[in-house]
Each structure stands twice: as structure tokens, then as C-alpha cells.
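Position 1 is the first residue of the sequence; numbering continues from there. None of the values given here were measured: they were computed from a predicted structure.
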Amino acid sequence: MRIGVLGTGNMADALATHWVRAGHDVAIGGRDADRAERLARRVGDGAKPTGLRAAAEFGEAVLAALPFGAGADVVRVLRPALAGKVLVDCSNPVGPGFRLLTEGGPSAARQLAAAAPGAHVVKAFNLCHEAVWRMRPTVFDGRPLAVPVCGDDEAALACVHELVRDVGCEPVTGGGLERAGLLEATAALFIALWVGEGADVQAIAPPLAYAAGPDPRGDVTA
């Protein structure tokens with residue numbers, strides 16, 4: 001698959017490295033040509049440094065590894081090049097005090113979709129720090145990391161499920177793009193608990209067998 005990466009930061013570095021190792025052709029696009037060149041060299045395996053527009057034109061799938069606030073502006077300019085493409089949004093609109101910056105308005109993913117209505121936007125890869133995405137393999141307690149994926153186009157979702165597996169994780173169907181805001185709010189809560197409170201977020205949820213509570217006979221509901 002041809003993958004265009006918009007951005008030259010840590011998420012671009014972490015995910016693109018997995019994808020080139022999985023055999024995909026990757027173009028790293030950035031405003032700063034030197035940064036794009038340095039990142040492409042670090043990613044290796046033939047990753048190509050380009051500008052933002054060239055990366056959007058190159059990719060069958062395009063990763064928007066851009067800060068919230070800048071992403072929609074960049075995507076709006078690249079709108080013609082993104083038409084018909086899978087556009088993956090990994091951003092988190094989280095501000096000072098772990099505040100959700102989109103509260104009361106459209107999610108970051110919805111804002112990208114509005115900026116490039118011809119693209120098939122999929123929300124994924126937003127729940128973990130970039131250091132987690134650098135891991136090989138991304139396995140905890142013997143289980144691959146599960147990655148929720150939200151989007152409206154079946155072919156785009158299948159594409160992103162493949163990209164999730166190429167990172168060594170298991171995709172989880174998260175519903176349509178209208179649920180992307182829930183993923184972003186979850187990230188804001190998790191970051192507040194991890195960073196602000198030092199809490200073990202995994203300890204919040206009971207095992208799956210207990211998720212619906214016990215049945216009236218005293219047995220765990222399957």
C-alpha cells in the first residue's frame with residue numbers, strides 16, 4: 001500500500017516505522033523539507049521525504065499526524081489531493097488541565113471530515129503515547145494492544161484495520177465517525193488519570209465476563 005504521512009513529529013515517526021517494515025511504501029510530508037528528510041532517513045526502508053501536498057497525492061491512505069488546531073487547516077488546503085483517500089486521524093484535542101478542547105462542538109475527526117468532505121476519515125491510534133506505538137511487539141500481559149477504530153466507509157475501515165495489524169495490534173470496531181468524539185473524550189480522561197493522578201486505567205474496567213453484571217442465578221453473565 002502507498003501511505004502518505006502528513007507531519008514529521010513523534011506519531012509520524014512511530015507509525016511510519018512499523019508500516020515500512022510491513023512492506024508499505026511511505027512518503028513523509030512536512031512543511032520543513034529538512035525535517036522531512038531527517039525523519040525519512042530515520043524511518044528507513046525507502047521512506048521518501050516530500051512536501052505535504054505530494055504526500056497527500058502519493059498515499060492511498062494518508063495519516064494526519066498533525067496537532068489539533070492545525071490539522072483541519074492543512075487538510076482544507078489539501079482537499080483536492082485527498083478526495084477518495086482514506087484519511088487517518090490520530091489527534092487528541094486535549095488542552096491545559098487535560099481539558100477536551102472540542103467539548104460542545106464537533107470532534108477533531110469530524111472537523112477533518114468537514115475540511116476534506118471527499119476523504120474517508122477514520123479515527124484510530126489516539127489512545128496511547130507515541131512511545132507505546134514504537135514498541136515491537138505492542139503486547140501487554142500476553143495480549144496485543146487493542147485499537148478502537150471509528151469510521152463510516154467499509155473499505156476505509158478495512159484498510160485501517162490492516163494498518164493496525166501492521167503495528168502489531170488488534171483492531172476493534174468502534175462504530176461510525178459520530179463516535180470519534182467518544183474516543184477523543186476517552187483519551188482526555190485517560191491522560192488526566194495517567195498523568196494527573198498516576199492511576200492504572202486498566203484497573204477501571206472489570207473482565208469482560210463481568211461487564212454486564214451477574215445474572216439472577218448468581219452466575220456471571222456470559
Contact summary for Ala40 and Ala47, nearest pair of heavy atoms | CB-O, 3.6 Å

Roughly how far, to the nearest 0.5 Å, is CG of Leu78 from CG of Leu6?
-> 6.0 Å

Examine distances only and state if a side-chain atom of Asp32 and a backbone atom of Asp34 form a donor-acceptor pair shorter than 3.5 Å.
-> yes

Kindly say whether Val26 contributes a backbone atom to a donor-acceptor pair with the side chain of Trp19 at under 3.5 angstrom?
-> no

Here the pair of heavy atoms bringing Ala14 nearest to Trp133 is CB-CB, 3.9 Å

Please walk me through it: do Val132 and Phe140 pass side chain to side chain contact (heavy atoms under 4.5 Å, CB included)?
-> CA-CA 10 Å; Val132 173; Phe140 300 92; 4.1 Å; yes

Using the rule that two of Ile, Leu, Val, Met, Phe, Trp, Tyr join whenever any of their side-chain heavy atoms come within less than 4.5 Å, decide whether Leu127 and Ile204 are in one cluster.
-> no

Note, Leu15 side chain near Glu130 side chain (heavy atom, < 4.5 Å) = no

Got Trp194 and Val201 here, is their nearest side-chain heavy-atom distance under 4.5 Å?
-> yes

What heavy-atom pair brings Ala116 and Leu82 nearest, and what distance separates the two atoms?
-> CB-CD1, 4.3 Å

Verdict with reasoning, Val122 to Leu157, per side chain to side chain contact (heavy atoms under 4.5 Å, CB included) = CA-CA 7 Å; Val122 177; Leu157 288 168; 4.2 Å; yes

Same hydrophobic cluster for Leu100 and Leu189, using side-chain heavy-atom links shorter than 4.5 Å among ILVMFWY?
-> no

Applying side chain to side chain contact (heavy atoms under 4.5 Å, CB included) to His18 and not counting sequence neighbours gives Arg136, Val167

Would you check if the side chain of Gln111 reaches a backbone N or O of Pro106 as a donor-acceptor pair within less than 3.5 Å?
-> yes

If two hydrophobic side chains count as joined below 4.5 Å and joins carry through other members, does Val86 share a cluster with Val164?
-> yes

When rounded to the nearest 0.5 Å, the distance separating CG of Asp13 from CZ of Arg38 is 12.0 Å

Charged N-O contact under 4.0 Å between Glu184 and Lys123 | yes

Where do Glu37 and Pro49 come nearest, in terms of heavy atoms and distance?
-> OE1-CG, 3.2 Å

In Å, rounded to the nearest 0.5 Å, how long is the span from SG of Cys150 to CG of Leu182?
-> 7.5 Å

Any Lys/Arg nitrogen of Asp25 or Arg2 sitting under 4.0 Å from an Asp/Glu carboxylate oxygen of the other?
-> no

Taken to the nearest 0.5 Å, the spacing of Leu163 CG from Met1 CE works out to 4.5 Å

Counting only N and O atoms by type, is there a donor-acceptor contact under 3.5 Å from the side chain of Thr102 to the main-chain atoms of Gly105?
-> no

How far apart are the C-alpha atoms of Val149 and Val172, what are their side-chain angles, what is the distance that settles it, and do they pass the side chain to side chain contact (heavy atoms under 4.5 Å, CB included) test?
-> CA-CA 6 Å; Val149 178; Val172 175; over 6 Å; no

Does atom CZ of Arg76 have more than 12 heavy-atom neighbours, drawn from other residues, nucleotides or ligands, at distances under 6.0 Å?
-> yes

Would Val77 and Leu66 show up in the same hydrophobic cluster when neighbours are defined by side-chain heavy atoms closer than 4.5 Å?
-> no

Check whether more than 12 heavy atoms from other residues, nucleotides or ligands sit under 6.0 Å from atom CZ of Arg179, and answer yes or no.
-> no

How many angstroms lie between SG in Cys128 and CE in Met135, if you round to the nearest 0.5 Å?
-> 9.5 Å

pair Val147-Cys169: side-chain heavy atoms closer than 4.5 Å = yes

Can you name the closest pair of heavy atoms from Glu170 and Pro144 and give their distance?
-> CG-CB, 4.1 Å

Go through the steps for Ile28 and Thr8 under the test side chain to side chain contact (heavy atoms under 4.5 Å, CB included), then give the verdict.
-> CA-CA 7 Å; Ile28 306 291; Thr8 56; 4.1 Å; yes

Counting N and O atoms only, with roles assigned by atom type, does the side chain of Asp152 sit under 3.5 Å from a partner on the main chain of Leu177, one being a donor and the other an acceptor?
-> yes

Leu39-Val20 co-clustered via ILVMFWY side chain contacts under 4.5 Å | yes

Exactly one of Ile3, Leu112, Asn126, Val160 clears side-chain contact (heavy atoms from CB on, under 4.5 Å) with Val88, and that residue is Val160

Looking only at heavy atoms, which two atoms of Ala16 and Val5 are closest? And how far apart?
-> CB-CG2, 4.3 Å

Polar side chain donor-acceptor pair, His24 to Asp166, under 3.5 angstrom | yes

If you measure from the Lys or Arg side-chain nitrogens to the Asp or Glu carboxylate oxygens, is any gap between Glu103 and Arg99 under 4.0 Å?
-> no

Hey, could you give me the CZ/OG distance between Phe68 and Ser107, rounded to the nearest 0.5 Å?
-> 9.0 Å

